[in-house]
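Everything on this sheet refers to the single structure shown next.
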Amino acid sequence: MTNSSNCVIAASNIVKVYQNGSEELKVLDDVSIRVLHSDFMAVLGPSGSGKSTLMNILGCLDIPTSGKYYLDGLDVLKASENELADIRNKKIGFIFQKFNLLPRLTALQNVVLPLLYRGIDEEEAMELAREKLTLLGLADRMGHKPNELSGGQQQRVAIARAIVGSPELLLADEPTGNLDSKSSEDAMVIFEELNRQGNTIVIITHDVEVAERVKKLVYIRDGKLYENN
Amino acid sequence: MKLKQLLKMILINISQNKVRTFLTTLGVIVGTATIFMVVAIGKGGEAQVNEQYSRLNVGTIMVMPAQRGRVADPLTAKDAQLFLESQNIAQAFPLLRGNGDINYENYSASAGFAAIQPGFQESNNLVVGQGRALDEEDENKKNRCAVIGAELANTLTDGSPSEIVGRSISINNRKFEVVGIYNRVGDSGSGGSYDDTAFVPYSAGERFLLGARANPTIIAQARDIDAVQSAIEDITASLNENHRAGGAEQFRILDAGSRLVAAQESARTMSMLLLAVAVIVLIVSGIGIMNVMFVTVKERTREIGTLKAIGAKKQEILKQFLIEAVFISLAGGVIGVIAGFLTIPVLKYFELPALSSVSGVLLGLIFSVVTGVFFGFYPAMKAADLSPLEALRYE
């Protein structure tokens with residue numbers, strides 16, 4: 001891998017097989033994907049196409065059956081459990097379809113969490129979290145709990161949590177799936193702005209409208225990746 | 001994550017489920033309070049035993065009628081004399097005790113009296129504070145004189161005891177002249193405090209207060225601690241020889257040492273029993289904690305997945321849930337100790353001796369923490385072991 005260091009993601013020949021009883025289910029079939037710095041990419045596919053599995057592998061939440069995967073030059077498949085946690089903490093910012101905010105914590109406490117797991121001083125972490133929340137227009141909502149916020153606001157808190165640690169990669173799983181069209185539009189504007197600032201973004205989605213907004217689009221169908229439809 | 005932030009998060013989580021947390025702690029509260037009380041009762045019992053026997057020399061042997069009330073062939077002062085023939089016995093005094101009305105001028109008290117021989121005073125550390133002690137002449141002449149305890153003197157004179165020396169009191173309507181007052185000795189063994197007793201010469205008490213009903217106890221002193229057993233044998237032999245009717249069978253012979261041991265043993269048995277109860281309560285409450293923690297882990301499965309996705313390591317999840325369990329049990333422990341403190345007056349009301357102590361507090365708290373760690377570990381391990389992917393998918 002001579003040029004893997006230029007890539008945020010350099011995954012090749014990824015195969016993922018699930019064992020279902022005696023039946024083998026090949027969810028990902030020889031998938032290779034390369035994401036460069038400041039890319040803004042969408043992986044578009046219907047449900048059951050294997051896109052969630054791809055997202056889990058790219059997000060270091062799951063391990064492929066075979067293949068190679070370098071994230072920001074690190075060989076993910078050789079990492080220990082603790083090293084994977086470190087990679088998720090420092091290199092990846094997750095944005096989930098259902099936001100996955102901790103319900104008992106305030107917006108600010110949610111955003112600050114990844115920094116606390118990194119061992120950053122609480123004062124400093126709070127300052128960074130406030131900055132990101134303000135940037136996303138939630139300056140007056142920091143003390144609110146998730147159930148006191150609208151869906152769009154919750155997604156913005158989740159985005160703030162994803163970007164607060166300045167990760168190499170923002171990984172969004174159906175980020176507009178639980179939002180109305182207005183909030184979806186807002187979220188996409190935020191993603192575009194974040195990309196303009198140099199963030200590398202990969203969105204996994206089945207939403208064609210989302211796919212139209214990105215710079216680079218790949219399709220996934222039956223476990224295979226295609227450059228064009 | 002630093003401990004302070006972790007604790008903050010745990011507090012937020014716990015406070016969200018106050019009722020459940022409280023119900024979980026109940027068992028720990030009861031268990032810890034029980035442990036605290038076990039120690040308190042143990043210490044109290046120990047203190048009581050020590051106090052009761054503090055004035056009793058371990059070489060002391062008491063000989064008393066086996067049954068209350070009239071005895072066909074009672075002990076006499078002569079038995080005490082006969083006991084002294086044994087080389088193993090240094091001292092032997094007959095002692096008569098009784099209760100009655102004691103009057104002085106306008107004051108009266110219902111108190112105990114004791115008829116003693118002069119030597120009894122030294123062997124029981126009775127020291128005269130005012131006036132004089134009872135002496136051989138009083139004994140020989142059956143003098144109707146009395147030396148009274150400090151507390152009794154106070155009661156009879158309404159707080160100015162010195163005036164009573166040289167005046168006469170009546171014990172069960174018999175007049176006795178007060179010749180002295182003993183210094184305060186504090187609580188004594190069974191049969192009421194010496195401070196609240198009027199002492200008269202043995203001969204006078206036998207004649208004027210008890211007459212034919214005289215049924216004395218003999219208090220003997222073994223030469224030393226090793227001679228106690230031989231002394232008891234000698235006493236038994238003497239009784240068999242001189243009380244033909246029933247021999248030594250009709251008397252109880254008690255030595256202070258074995259009484260002390262028996263009392264300590266029964267106190268210890270009580271403590272062990274209560275401790276066993278406390279441990280069982282804590283085990284049951286620990287299982288309760290484990291159950292609740294399992295439910296909590298289940299409920300928060302998705303959260304655990306999220307935390308792992310944003311970078312929480314296995315040991316951090318373990319730490320979080322373990323500390324949460326310990327926190328719950330420690331809170332129960334603290335409340336339990338407080339409950340234990342509040343229970344002590346109740347125990348005292350029912351005349352169970354109980355003493356609060358630092359060791360009771362520590363033992364209670366340590367047990368509660370151990371319960372939390374022990375029973376919280378398995379659920380916390382389950383939480384830590386969750387695969388982030390499975391946890392995130394959990395609905």
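Here is how names work: the chains are called A, B, and so on, in the same order as the sequence lines, proteins then strands, and each is numbered from 1.
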Can you tell me if [X] has over 12 outside heavy atoms packed within less than 6.0 Å of its [atom1]?
{"X": "B:Phe294", "atom1": "CZ", "result": "yes"}
{"X": "A:Ile63", "atom1": "CD1", "result": "no"}
{"X": "A:His144", "atom1": "NE2", "result": "yes"}
{"X": "A:Tyr18", "atom1": "OH", "result": "yes"}
{"X": "A:Asn147", "atom1": "CG", "result": "yes"}
{"X": "A:Gln19", "atom1": "CD", "result": "yes"}
{"X": "A:Glu123", "atom1": "CD", "result": "no"}
{"X": "B:Phe327", "atom1": "CZ", "result": "no"}

Salt bridge check: are [X] and [Y] linked by an N-O gap of less than 4.0 Å?
{"X": "A:Arg104", "Y": "B:Glu303", "value": "yes"}
{"X": "A:Glu122", "Y": "B:Lys4", "value": "yes"}
{"X": "A:Asp121", "Y": "B:Lys2", "value": "no"}

Heavy atoms only, distances under 4.5 angstrom: which of [options] has the most pairs with chain B? Name it, please.
{"options": "A:Gly93, A:Gly165, A:Pro114", "value": "A:Pro114"}
{"options": "A:Gly59, A:Ala162, A:Pro103, A:Cys60", "value": "A:Pro103"}
{"options": "A:Arg118, A:Lys90, A:Lys98", "value": "A:Lys98"}

What distance separates [X] [atom1] from [Y] [atom2], expressed to the nearest 0.5 Å?
{"X": "B:Leu389", "Y": "A:Leu61", "atom1": "CG", "atom2": "CG", "value": "6.0 Å"}
{"X": "A:Phe94", "Y": "B:Ile310", "atom1": "CZ", "atom2": "CD1", "value": "10.5 Å"}
{"X": "B:Arg302", "Y": "A:Phe96", "atom1": "CZ", "atom2": "CZ", "value": "9.0 Å"}

Under 4.5 Å from a heavy atom of chain A, the part of B:Leu6 involved =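 Neither part; nothing is under 4.5 Å.
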Flag the pair [X] / [Y] as yes when at least one side-chain heavy-atom distance between them is below 4.5 Å, and no otherwise.
{"X": "A:Asp86", "Y": "B:Lys313", "answer": "yes"}
{"X": "A:Asn56", "Y": "B:Arg393", "answer": "yes"}
{"X": "B:Arg300", "Y": "A:Leu102", "answer": "no"}

Could you tell me whether a side-chain N or O of A:Asn100 sits under 3.5 Å from a main-chain N or O of B:Thr306, the two making a donor and an acceptor?
->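 No: the side chain of A:Asn100 does not pair with the backbone of B:Thr306.
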Chain B contact via A:Leu115 - which portion, at a heavy-atom distance below 4.5 Å =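 Neither part.
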Engaged part of A:Arg161 at the chain B interface, taking heavy atoms whose separation is under 4.5 Å =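 It is the side chain, since no backbone atom gets that close.
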Go through the steps for B:Gln315 and A:Asn82 under the test side-chain contact (heavy atoms from CB on, under 4.5 Å), then give the verdict.
-> CA-CA 9 Å; B:Gln315 57 265 36; A:Asn82 274 345; 3.4 Å; yes
Interface residue of largest heavy-atom contact number with chain A, from B:Ser15, B:Ser387, B:Ala312, under 4.5 Å =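 Highest number of heavy-atom pairs under 4.5 Å: B:Ala312.
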